[in-house]
2 protein chains.
Amino acid sequence: MVTKQLLKGLPEDADLRRADSPAREIFSDVANKWALLIIEALGERTLRFSELRNEVEGVSHKMLTQNLRMLERNGLVDRKVHPTVPPRVDYTLTEPGRALRTAVDAICGWTHQHLGHIESARGRFDA
Amino acid sequence: MVTKQLLKGLPEDADLRRADSPAREIFSDVANKWALLIIEALGERTLRFSELRNEVEGVSHKMLTQNLRMLERNGLVDRKVHPTVPPRVDYTLTEPGRALRTAVDAICGWTHQHLGHIESARGRFDA
DNA sequence: CGGTATCCCTGAAGATACTG
DNA sequence: CAGTATCTTCAGGGATACCG
């Protein structure tokens, strides 16, 4: 019954512009600094909470848990609790998560490629 | 002199994890909801301020100007002021802006492809 | 019409402390 | 170690008004 969406992928992003659409809601969740950095940091690896904390420099304990919960809720990361003591919790990207990661990779690559250009643009603008 | 980066693209995103790196600074600018929605809305077109306001539903006057300034400063959008009355201002993606847009497109496409999966994941999580 | 400035307030986000 | 809860702060962001 959702076969309508299987036709093609270009014009349907129109509803991303609708403030109340489900797509916009998901986009708003995902399109934020910490979420994207976490996804990028995870990559193909499985990392513990404390490892993620080190990988994503600057993220607070609170922001990390908060974003991990959100990503888990949306099915982008898998959360595996080991009933050991002390506790150990492993995070891994799910299939949708890895799919999104390729897009995040593109943004990261873009950032590095245009670093010089952007910094000089800033210099010009600030003058 | 920057040929080092031409080798391969994977390990260099390491400095995105450094909180004070230039790459992280750019990423923090760009990786936010409104900036990405504006870039996506512009696409290949040239739009006026008021048109953008309509395209990106839910964006306030303030957020729109604020993000457009930021994008202009980073050299991602070109701002063309027509000295008419009433004034008219056109916004267009620059080459770096269009390059980033392809990555944003990927995220938008991903959002739609995984919409169903995500919503059911949420249902499960919230239970 | 587009931009800036001001006011104001909600909520994002840090710090801290406690539990399993 | 990982997570939750509480408190507090400060700035993100809305609403409004005014300028060019």
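Order of the sequence lines fixes the chain letters, A, B, ..., with proteins taken first and strands second; residue numbering starts at 1 for each chain.
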Distance below 4.0 Å between [X] side-chain N/O and [N] OP1 or OP2:
X        : N       : value
Thr84(A) : dC1(D)  : no
Ser60(B) : dG14(D) : yes
Arg69(A) : dG3(D)  : yes
Ser50(A) : dA2(D)  : yes
Arg79(A) : dG3(D)  : yes
Arg88(B) : dG2(C)  : no
Arg48(A) : dC1(D)  : no
Tyr91(A) : dC1(D)  : no

In whole angstrom, what separates [X]'s [atom1] from [N]'s [atom2]?
X        : N       : atom1 : atom2 : answer
Asn67(B) : dG3(C)  : CG    : P     : 13 Å
Met63(B) : dA5(C)  : CE    : C1'   : 14 Å
Leu37(A) : dA13(C) : CG    : C1'   : 16 Å
Lys80(B) : dC1(C)  : NZ    : C1'   : 18 Å
Leu68(B) : dC1(C)  : CG    : C1'   : 14 Å
Asp90(A) : dG3(D)  : CG    : P     : 11 Å
Leu64(B) : dT4(C)  : CG    : C1'   : 14 Å
Lys33(B) : dA12(C) : NZ    : C1'   : 13 Å

_What I want to check is whether an N or O donor and acceptor connect the side chain of His61(B) with the base of dG14(D) at under 3.5 Å._
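Absent.
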_Flag for Asp15(A)-His112(B): side-chain donor and acceptor within less than 3.5 Å_ =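 Side-chain D/A pair, His112(B) to Asp15(A): present.
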_Under 3.5 Å side-chain donor-acceptor pair for Asn74(B) and Asp29(B)_ = yes
*Does Val89(B) reach the side chain of His82(B), with side-chain heavy atoms less than 4.5 Å apart?*
no
*Below 4.5 Å, heavy atoms only, C-beta onward: do Leu64(B) and Trp34(B) meet side chain to side chain?*
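Leu64(B) does not reach Trp34(B) side chain to side chain.
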*asked:* Let me spell it out: for each of Thr65(A) and Trp34(B), pick the nucleotide of DNA chain D with the closest heavy atom. Which residue's pick is nearer the 5' end?
replied: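 Counting from the 5' end, the first nearest nucleotide belongs to Thr65(A).
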*For Pro86(A) and for Lys62(A), find the nucleotide of DNA chain D with the closest heavy atom, then tell me which residue's nucleotide is more 5'.*
Pro86(A)
*asked:* What I want to find out is whether Glu44(A) reaches Arg101(A) closely enough, with some N-O distance under 4.0 Å, to be called a salt bridge.
replied: yes
*5' priority, DNA chain C, between Phe49(B) and Val59(A) [closest heavy atom]*: Phe49(B)
